[in-house]
Each structure stands twice: as C-alpha cells, then as structure tokens.
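To keep things clear, I will list the structure first and then write my remarks on it.
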Protein chains: 2
Amino acid sequence: MDSRTPRPGVPVRGSESGRPVMAALDLLGRRWALRILWELSQSPAGFRELQRRCERMSSSVLNTRLNELTDAGLLTMHGDGYQLTRLGEDLVDALRPLNAWSQRWADENAASVRVRP
Amino acid sequence: MDSRTPRPGVPVRGSESGRPVMAALDLLGRRWALRILWELSQSPAGFRELQRRCERMSSSVLNTRLNELTDAGLLTMHGDGYQLTRLGEDLVDALRPLNAWSQRWADENAASVRVRP
DNA sequence: CATAGTGCTTCGATAACCGAAGCAGAGGAG
DNA sequence: CTCCTCTGCTTCGGTTATCGAAGCACTATG
C-alpha cells in the first residue's frame with residue numbers, strides 16, 4: 001500500500017502545514033480523483049466498469065487512486081464493486097455547487113466567445 | 001498562449017463530452033490550480049508572492065496555471081498583481097463547503113487512527 | 001473443457017512537473 | 001548617469017506521474 005496518501009494533519013505535496021483543506025486539495029488534485037468520486041456518486045461500479053466510464057483511463061492510475069481514496073476513507077469495496085462511504089458522499093455533496101458553477105461558467109464563456117468569432 | 005486550456009463545451013482530458021463540469025474537473029484537477037485560487041481568494045498577489053505562499057512552487061508551472069486560469073476567465077492581472085474575477089470568486093464560493101468537509105474528514109480520520117495505534 | 005468476465009499488476013513510453021538559473025524591464029538610491 | 005533590487009516571466013536538464021497495452025490469477029458460465 002502506498003503510504004503517501006494525503007491525510008489531514010500530515011504534511012502533503014505543496015504544504016507542510018498539515019491543514020485539512022491542504023490535504024484535501026492534494027488528494028483531490030491528483031488526476032482522476034474528482035472524476036472517480038463523481039462517477040461513483042452516480043452509481044457504484046466495479047474496476048473495469050469505472051475504467052469504461054472514464055473513457056479508458058489507465059488501469060494503473062485507477063488502481064492507485066482507488067487505493068488512495070479507500071485509504072482516505074472515502075470509498076469501500078464489496079463483492080459487487082466500489083462505492084462511496086458516508087464521508088465520500090458528504091464530499092460529493094460539498095462539491096455539488098461546483099456543478100451549478102460550471103454551468104454559469106459555460107454560459108459566460110459562450111458569451112465571451114460569441115463576440116469575437 | 002497554450003490553447004489546451006479546458007473550456008466548457010470542448011472535449012478535455014478524460015472526457016470527450018464537453019460537459020461543463022468535466023471541463024471544470026480537468027482545469028481544477030491540474031496541480032496547484034485549486035491552491036492558486038484559494039490563495040488569491042485570501043488576497044490578491046503578484047507572481048513571486050504567490051510562489052512564496054505556495055511554498056516555492058515551480059515558476060514554470062505557476063506561469064502555466066496563471067495563463068490557464070486567466071484564459072478560463074477566473075482571474076485577471078493588473079499592475080498590482082493577480083486577482084480573482086467575479087467568476088473566480090464565485091468558484092471559490094462554490095468550493096467553500098469543501099473547507100467544512102475537510103474539517104470533518106480530519107475528525108473522522110483522527111478517530112479511526114486512534115483505535116489502531 | 002473453452003470462453004468470457006473480473007480485479008489487479010507490470011513495464012516501456014510519454015507528458016507533467018520540479019528547481020535552479022537567467023533575462024528584460026521598472027523603479028529607487030547614491 | 002550607474003548600481004542595486006524588485007518584478008513577471010522563460011529556459012532547460014532531471015525527476016515524477018501518467019499512459020496504454022499486455023498479461024496474470026481467479027470465478028462463473030456454457
């Protein structure tokens with residue numbers, strides 16, 4: 001098991017402070033991490049199913065992320081696949097405003113593109 | 001200028017769909033992106049000041065991120081440094097629940113560590 | 001028995017990131 | 001004016017993360 005999984009209270013990539021939000025930014029800033037949580041919030045899925053949903057993401061990275069997120073207590077694995085823990089669901093809830101924001105972002109971006117084609 | 005800045009409506013790393021939230025996950029999933037927004041939400045800062053706050057992050061990556069985030073319309077640069085746009089501030093607001101969540105994460109993590117020392 | 005599915009691993013290639021150094025320009029001091 | 005210092009930014013060689021194809025061990029099904 002990779003012991004470099006970001007944890008609150010411990011120095012992480014880019015911050016020695018150990019502040020929880022810094023550990024979160026490190027964990028979630030790694031590639032595919034947010035996406036995996038997002039997909040599992042839609043519905044639980046097995047390894048290969050996740051890989052398909054994320055347009056053939058590398059299996060080695062998927063495995064690494066699954067281990068990290070499991071270590072961090074955000075998801076668990078049963079016989080029928082991976083699913084979010086209570087804590088993982090809460091994180092996805094906390095990330096929900098991001099969905100609404102991205103829509104506004106799309107609108108403003110379309111507007112700013114429209115004036116210079 | 002790097003034209004690979006993720007934008008809503010355009011295919012990005014890991015998703016061909018062009019869905020806004022996927023573009024957001026790509027943009028924000030890159031290293032230091034969330035952190036830079038976070039720091040600028042505390043207060044505007046110049047290039048080297050940002051570098052200091054982020055514990056000597058590489059200047060090349062900082063420059064790349066600043067360009068991407070500016071391209072995406074999340075921040076602007078004046079004579080007195082970089083600062084968030086309205087859209088950038090909204091994003092930080094949307095990310096605010098993450099702060100609260102990370103605190104709960106820290107609590108639960110401390111609890112689960114305590115039972116197996 | 002063969003076939004197809006699973007979770008996961010290995011490994012060479014590529015892309016992202018790091019870190020130290022340096023450049024050009026804008027001041028301020030002497 | 002020169003010298004010094006600060007700025008935003010660039011370059012480049014080395015390290016790390018990620019990719020992608022292949023394969024392993026196992027289970028289930030026919």
Side-chain angles (χ1 to χ4, degrees), chain A residues 1-6 11-16 22-23 25-37 39-40 43-72 74-84, chain B residues 1-6 11-16 22-23 25-37 39-40 43-72 74-84:
Chain A
M1 174 58 52
D2 188 1
S3 65
R4 280 166 295 187
T5 299
V12 295
R13 284 194 315 181
S15 175
E16 299 299 320
M22 290 304 164
L25 291 182
D26 183 9
L27 180 66
L28 303 178
R30 302 184 176 189
R31 191 137 193 233
W32 298 108
L34 283 172
R35 177 71 179 272
I36 290 170
L37 293 172
E39 291 295 338
L40 287 180
S43 73
F47 190 96
R48 280 172 132 101
E49 166 70 13
L50 267 176
Q51 205 174 356
R52 275 186 291 266
R53 283 202 219 161
C54 295
E55 307 191 33
R56 312 184 186 294
M57 126 186 64
S58 169
S59 58
S60 45
V61 182
L62 174 55
N63 183 53
T64 304
R65 290 297 164 270
L66 287 174
N67 284 334
E68 290 171 355
L69 295 173
T70 302
D71 264 18
L74 305 190
L75 48 88
T76 56
M77 146 84 157
H78 296 76
D80 53 342
Y82 290 92
Q83 58 182 250
L84 297 179
Chain B
M1 173 57 53
D2 189 1
S3 65
R4 280 167 295 187
T5 300
V12 294
R13 286 194 313 181
S15 175
E16 299 298 321
M22 290 304 162
L25 291 181
D26 182 9
L27 179 65
L28 304 177
R30 303 184 176 189
R31 195 142 188 227
W32 298 109
L34 283 172
R35 177 71 179 274
I36 290 170
L37 292 173
E39 292 296 339
L40 287 180
S43 74
F47 190 97
R48 281 172 134 99
E49 166 70 12
L50 267 175
Q51 206 174 356
R52 274 187 292 266
R53 285 201 217 160
C54 295
E55 308 189 32
R56 310 182 189 294
M57 124 185 68
S58 169
S59 57
S60 45
V61 182
L62 174 55
N63 183 50
T64 303
R65 290 294 165 273
L66 287 175
N67 284 333
E68 290 171 354
L69 295 173
T70 302
D71 264 19
L74 304 189
L75 48 87
T76 55
M77 146 86 156
H78 295 77
D80 52 342
Y82 291 91
Q83 58 182 252
L84 297 180

Nearest to side-chain heavy atoms of F47(B), which nucleotide of dA17(D), dC9(D), dC19(D): dC9(D)
Per atom distances to the N63(B) side chain, the nearest of dC17(C), dC19(D), dT10(D) is dT10(D)
What distance separates Y82(A) OH from L62(A) CG, expressed to the nearest 0.5 Å? 7.5 Å
I want to verify a distance call: between dT18(D), dT9(C), dT10(D), whose nearest atom is closest to the S59(B) side chain? dT10(D)
Please state how far atom CH2 in W32(B) lies from atom P in dA16(C), giving the value in whole angstrom units. 18 Å
Atom CG in L75(A), atom CG in N67(A): separation rounded to 0.5 Å? 9.5 Å
Whole angstroms only, please: what is the CD-P distance between Q51(A) and dT6(C)? 10 Å
Check every strand shown and say whether R13(B) touches a base, only sugar-phosphate, or nothing at a heavy-atom separation below 4.0 Å. nothing
Take the protein atom CG of L66(B) and the nucleotide atom P of dC9(D), then report the distance between them rounded to whole Å. 7 Å
Determine whether E39(B) and L50(B) make a side-chain contact, defined as any pair of heavy atoms from C-beta on separated by less than 4.5 Å. yes
Would you say R65(B) and T70(B) are linked by a side-chain donor-acceptor pair, where the criterion is simply a distance under 3.5 Å? no
Mind running side-chain hydrogen bond (donor to acceptor under 3.5 Å, both in side chains) on R53(B) and S43(B) for me, showing each step along the way? CA-CA 11 Å; R53(B) 285 201 217 160; S43(B) 74; 2.7 Å; yes
Minimum-distance nucleotide to S58(A) side chain [options: dC19(D), dG8(D), dC18(C)]: dC19(D)
For E55(A) and dT18(D), give me the distance from atom CD to atom P, rounded to whole Å. 18 Å
Which nucleotide sits closest to the side chain of R52(A): dT6(C), dC17(C), dT18(D)? dT6(C)
Counting the atoms with a prime plus P, OP1 and OP2 as sugar-phosphate, which does R48(B) contact under 4.0 Å by heavy atoms, base, sugar-phosphate, or nothing? base
I want to verify a distance call: between dA17(D), dA16(C), dC11(C), whose nearest atom is closest to the S60(A) side chain? dC11(C)
Starting at CE of M57(B) and ending at C1' of dT16(D), how long is that distance when rounded to a whole Å? 18 Å
How many Å lie between OH on Y82(A) and C1' on dC8(C), as a whole number? 8 Å
Taking for each residue the nucleotide of DNA chain D bearing the nearest heavy atom, is the 5' side occupied by R31(A) or by M77(B)? M77(B)
N67(A) atom CG is separated from dT18(D) atom P, nearest whole Å, by 14 Å
L62(A) has an atom CG; how far is it from atom C1' of dC8(C), in whole Å? 10 Å
